Amino acid sequence: MAILDPWTLDFVSSSEEQTVRLGVRLGELLQPGDVVCLSGELGAGKTALARGVGRGWGTHVRVTSPTFVLVNEYPRLPDGRTLYHLDCYRLEGAGDVYTTGLEDVLAADHAVMIEWPERIAAWLPADHLWVSLEYVSETRRKLHITGVGERAQALVEEFKKSAFGV
Ligand SMILES: Nc1ncnc2c1ncn2[C@@H]1O[C@H](COP(=O)(O)OP(=O)(O)O)[C@@H](O)[C@H]1O
Ligand SMILES: [Mg+2]
């Protein structure tokens with residue numbers, strides 16, 4: 001792990017399971033209102049990380065790719081708070097944000113994970129976590145995590161302590 005500044009983190013995951021475990025750590029810290037952007041090409045590991053976040057959030061349903069449905073919802077026990085998982089790959093433009101109901105999800109105070117966040121850049125809240133995943137080799141992925149805004153920066157700091165003890 002490389003420490004660039006308190007709210008940035010570079011890490012190379014060497015297996016899908018390791019990426020999932022990192023996601024669990026993040027999901028345990030996530031609060032309603034937190035937005036996690038997952039950026040990277042197809043197969044970069046966005047959904048693998050999201051699966052871990054769902055587990056850490058406390059949902060009992062396995063997180064799968066929402067590519068064809070755009071939005072999946074994961075309520076947790078015991079409080080029923082919902083984690084949303086969006087995949088914006090198929091969105092054409094801002095108009096789709098209205099017609100698909102994504103606007104409502106983003107406007108409310110929900111925990112949200114977003115794959116292909118670049119597609120809805122204008123709609124992202126100012127405060128968000130940005131995670132870039134990059135293919136290195138068949139089993140390795142580079143993760144770059146940065147907090148944008150006060151809450152997201154605090155989240156990265158907590159995440160570093162929880163996942164790496166620093
Ligand atoms: N270190 C790693 N982290 C995450 N996924 C990995 C890793 N190494 C190999 N993989 C594989 O890469 C693929 C990632 O798929 P997925 O998470 O659906 O990507 P995306 O959502 O970015 O398209 C899976 O087939 C997974 O097994
Ligand atoms: Mg995916």
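From a predicted model like this one, the values you see are computed outputs, not experimental measurements. Order of listing sets the numbers, starting from 1, for every ligand and every atom in it.
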Separation between CG of Leu129 and CG of Asp34, rounded to the nearest 0.5 Å:
8.0 Å
With heavy atoms of Thr139 as the reference, note each atom of ligand 1 found under 4.0 Å away.
1 (N), 2 (C), 7 (C), 8 (N), 9 (C)
Using a 3.5 Å cut-off on N or O atoms only, is Thr47 in polar contact with ligand 1?
yes
Take Glu157 and Lys160 through the test salt bridge (Lys or Arg N to Asp or Glu O under 4.0 Å) and record every step on the way to the result.
CA-CA 5 Å; Glu157 291 189 57; Lys160 283 185 183 182; over 6 Å; no
Heavy atoms only: give me the nearest Leu124-Pro117 pair and the separation to one decimal.
CD1-O, 4.1 Å
Strictly distance-based, threshold 3.5 Å: is any side-chain N or O of Thr59 a donor or acceptor partner for the main-chain N or O of Pro75?
yes
Looking only at protein heavy atoms, identify the closest one to atom 7 (C) of ligand 1 and say how far it is in Å.
Glu16 N, 3.6 Å
For ligand 1, which atoms have a heavy atom of Ser13 less than 4.0 angstrom away?
1 (N), 2 (C), 3 (N)
If you round to the nearest 0.5 Å, how far is CG of Leu49 from OG of Ser13?
9.0 Å
Under-4.0 Å heavy-atom contact with ligand 1, by part of Glu41 that carries it:
backbone
At a 4.0 Å cut-off, with the gap strictly under it, does some heavy atom of Ser15 reach an atom of ligand 1?
yes
Donor-acceptor contact below 3.5 Å, side chain Lys46 vs main chain Gly40
yes
As a check for students: among Ser39, Gly23, Gly45, identify the option with a heavy atom nearest to atom 19 (O) of ligand 1.
Gly45
For Glu115, the atoms of ligand 1 under 4.0 Å from one of its heavy atoms are 21 (O)
Any non-hydrogen atom of Arg51 lying under 4.0 Å from ligand 1?
no
Taking only non-hydrogen atoms of Gly43, do any sit less than 4.0 angstrom from ligand 1?
yes
Would you say Thr47 reaches the Mg ion (ligand 2) with an N/O/S atom under 2.8 Å?
yes
OH on Tyr89 to CZ on Arg119, rounded to 0.5 Å
6.5 Å
Which option, Arg141, Lys142, Lys46, owns the non-hydrogen atom nearest atom 20 (P) of ligand 1?
Lys46
The Mg ion (ligand 2) is nearest to which N, O or S atom of Glu115?
OE1
Just verifying a value: how many Å separate Arg81 CZ and Leu30 CG, rounded to the nearest 0.5 Å?
11.5 Å
Students should be able to answer this: which protein heavy-atom is nearest to atom 3 (N) of ligand 1, and at what distance?
Thr19 OG1, 2.6 Å
What protein heavy atom sits nearest atom 17 (O) of ligand 1, and how far off is it?
Ala48 N, 2.9 Å
Quick one: CG on Leu26 to CZ on Arg55, what's the gap to the nearest 0.5 Å?
14.0 Å
Among all the protein's non-hydrogen atoms, which is closest to atom 9 (C) of ligand 1, and how far away is it?
Glu138 O, 3.1 Å
Would you call the rings of Tyr84 and His110 parallel, tilted or perpendicular, taking 30° and 60° as the class edges?
tilted
What's the separation between atom CG in Asp87 and atom CG in Asn72, rounded to the nearest 0.5 Å?
9.5 Å
Considering both backbone and side-chain atoms of Leu42, is one of its nitrogen or oxygen atoms within less than 3.5 Å of a nitrogen or oxygen in ligand 1?
no
